[in-house]
Number of protein chains: 2
Amino acid sequence: MSADPAIRRDIPDATVARLPEYLRALSDVADRGISSVSSEELAQAAGVRSTQLRKDLSHLGSYGIRGVGYEVEHLALEISRALGLTQDWPVAIVGMGNLGRALAAYSGFATGGFHVAAVFDEDAALAGALVADLPISPMTDLALLVRERGITIGVIATPAASAQSVCNALVEAGVRSLLNFAPLVLVVPDDVDVRRVDLSTELHVLAFHEQRKSLPPELGVAR
Amino acid sequence: MSADPAIRRDIPDATVARLPEYLRALSDVADRGISSVSSEELAQAAGVRSTQLRKDLSHLGSYGIRGVGYEVEHLALEISRALGLTQDWPVAIVGMGNLGRALAAYSGFATGGFHVAAVFDEDAALAGALVADLPISPMTDLALLVRERGITIGVIATPAASAQSVCNALVEAGVRSLLNFAPLVLVVPDDVDVRRVDLSTELHVLAFHEQRKSLPPELGVAR
DNA sequence: CAGTGTGAACCACTTCACAGCC
DNA sequence: GGCTGTGAAGTGGTTCACACTG
């Protein structure tokens with residue numbers, strides 16, 4: 001029997017991408033003092049359809065009560081467990097420009113599952129300066145601090161020009177999950193996961209849709 | 001005949017999401033003084049497979065030369081045109097905390113297609129302070145400035161608590177494309193596009209994969 | 001020939017419809 | 001009775017295989 005809820009197998013990527021949103025929606029609901037929600041209500045708060053939500057949750061297990069809904073606390077715990085948020089992940093941020101500082105100060109790190117364990121900058125002159133109560137470390141200390149503090153997730157907030165070498169240093173030090181804010185595609189070994197966040201990509205996509213809206217209403221394209 | 005290249009019909013969302021990356025890869029290639037690339041080379045630079053790239057480009061038109069490849073300048077122009085980057089979009093940023101300031105200073109705005117036309121903050125005490133050479137405006141001026149400066153794209157960089165009301169103000173003023181950095185799902189009319197960027201979602205997804213890696217090699221899940 | 005452009009096959013994800021259960 | 005959980009159908013996107021052409 002694989003009744004052990006800790007044994008999770010092949011959750012679709014699309015589902016994983018939505019679980020954080022469900023978690024956030026649940027925390028909203030909990031803040032309003034509600035202890036049980038239907039898939040319909042929760043889906044609304046998360047911006048998806050209720051069938052989508054139920055199908056997604058079915059990949060984790062059967063945590064709802066038929067005819068009633070989901071127990072808020074319990075579901076939140078199960079999603080946290082599935083995402084691996086029952087432990088606290090130490091994160092390193094490299095690049096202390098405007099963005100890096102904003103990220104270091106970001107409260108999202110504090111709430112649930114993550115903390116900034118070290119911050120770095122290639123400019124050795126910045127070493128020692130405090131950012132969000134942490135001293136900026138020089139890149140030469142990277143391998144040491146990654147090991148000492150058990151860092152497994154790295155955030156790259158450097159200019160594009162140095163992003164690949166920073167990435168190499170992180171991977172070399174043993175980091176296998178990266179969040180890349182630099183506008184380029186990083187080359188990494190197969191066992192390293194990279195997620196990219198690119199403001200300019202997002203703006204481009206918006207521009208595309210905006211352009212569509214301002215075009216004369218061409219036949220066929222009904223929107 | 002719809003030979004007019006300006007007439008673009010139903011480009012898949014997934015393709016639109018990749019076009020910005022192709023544009024960036026092309027600009028890299030151009031910087032290296034290369035004037036013609038094959039789909040294979042360009043795909044590598046963009047982190048996709050060459051068949052994917054060719055299929056994507058086929059939605060825009062037939063801009064390659066069989067047996068040769070793509071003319072860099074020309075392809076870049078056609079992608080820019082498809083994305084609507086041949087005009088300059090004025091953007092408003094609301095919320096001048098750490099993130100908002102970082103975004104205002106972000107050079108990605110300057111390069112190609114966008115410029116920061118106004119910045120706002122709900123804290124009236126900040127009004128007049130300069131951020132990236134622009135004075136912070138109070139929210140009461142929003143409707144006026146949006147109209148005067150032709151702003152069609154809004155960036156929300158406020159805390160979650162005020163994001164929905166800021167969103168309402170932007171929509172009310174006529175903005176129909178939004179980039180939301182606040183951790184919540186905004187409620188908007190059907191004709192408004194919202195894209196969300198959420199750091200904590202990205203971290204959660206990384207944590208999920210990281211957890212997978214550190215689990216004992218369960219049968220079946222080969223990664 | 002070398003490399004593009006594309007119908008066809010395949011695959012992943014979403015939505016539907018409803019059986020199952022509290 | 002009402003809402004969850006899920007096989008089945010539908011949809012959109014990716015990959016393949018190859019015809020086509022400069």
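Naming: A, B, ... by sequence-line order, numbering from 1 per chain.
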remark   = At a 4.0 Å cut-off to heavy atoms of chain A, the contacted part of DNA chain D spans D/dG2 to D/dA8
message = Under a 4.0 Å threshold between the charged nitrogen and the carboxylate oxygen, would A/Asp198 count as salt-bridged to B/Arg24?
response =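 Looking at A/Asp198 together with B/Arg24, the answer is no, because their closest N to O distance does not fall below 4.0 Å.
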Without placing hydrogens or testing angles, list every side-chain donor-acceptor pair under 3.5 Å for residues 150-157 of chain B, not counting sequence neighbours.
none

query = What pairs with A/Asn180 under side chain to side chain donor-acceptor pair (under 3.5 Å), at least two apart in sequence or on another chain?
reply = none
remark   = If each end axis of the helix from C/dC1-D/dG22 to C/dC22-D/dG1 is fitted on five C1' pair positions, the angle between them, to 10 degrees, is 10°
key: Members of residues 31-57 of chain A that approach DNA chain C, where some heavy atom sits under 4.0 Å away   = A/Gln52, A/Lys55
inquiry  = Please give me every residue in residues 66-74 of chain B whose heavy atoms get under 4.0 Å of an atom in DNA chain C, ordered by residue number.
reply    = B/Arg66, B/Gly67, B/Val68, B/Gly69, B/Tyr70
Start and end of the DNA chain C segment that chain B contacts, any atom under 4.0 Å from a heavy atom =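 Terminal contacting nucleotides, 5' to 3': C/dA2 to C/dA8.
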State which residues pass salt bridge (Lys or Arg N to Asp or Glu O under 4.0 Å) with [X]; sequence neighbours excluded, sorted by chain then number.
{"X": "B/Arg101", "result": "none"}
{"X": "B/Arg54", "result": "none"}
{"X": "B/Glu202", "result": "A/Arg195"}

message = Please check if the number of heavy atoms outside A/Glu172 that lie under 6.0 Å from its CD is greater than 12.
response =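 Atom CD in A/Glu172 is not packed in, count stays at 12 or less.
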For the student: nearest non-hydrogen atoms of A/Asp56 and A/Arg18, plus distance =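 Here A/Asp56 and A/Arg18 meet closest at OD2-NE, 2.7 Å.
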note = Smallest heavy-atom separation, B/Ala169 atom then B/Met139 atom, equals CB-CE, 4.3 Å
Please set out all donor-acceptor pairs under 3.5 angstrom arising from side-chain atoms of residues 159-168 of chain A, sequence neighbours excluded.
from     : atom 1 : to       : atom 2 : distance (Å)
A/Ser162 : OG     : A/Glu122 : OE1    : 3.3
A/Gln164 : OE1    : A/Val187 : N      : 3.0
A/Gln164 : NE2    : A/Asn168 : OD1    : 2.8
A/Gln164 : NE2    : A/Val187 : O      : 3.1
A/Ser165 : OG     : A/Ser162 : O      : 3.1
A/Asn168 : ND2    : A/Gln164 : O      : 3.4

With a 3.5 Å cut-off and sequence neighbours excluded, list the donor-acceptor pairs that the side chains of residues 69-76 of chain B form with protein atoms.
from    : atom 1 : to      : atom 2 : distance (Å)
B/Glu71 : OE1    : B/His74 : N      : 3.2
B/His74 : NE2    : B/Glu78 : OE2    : 3.4

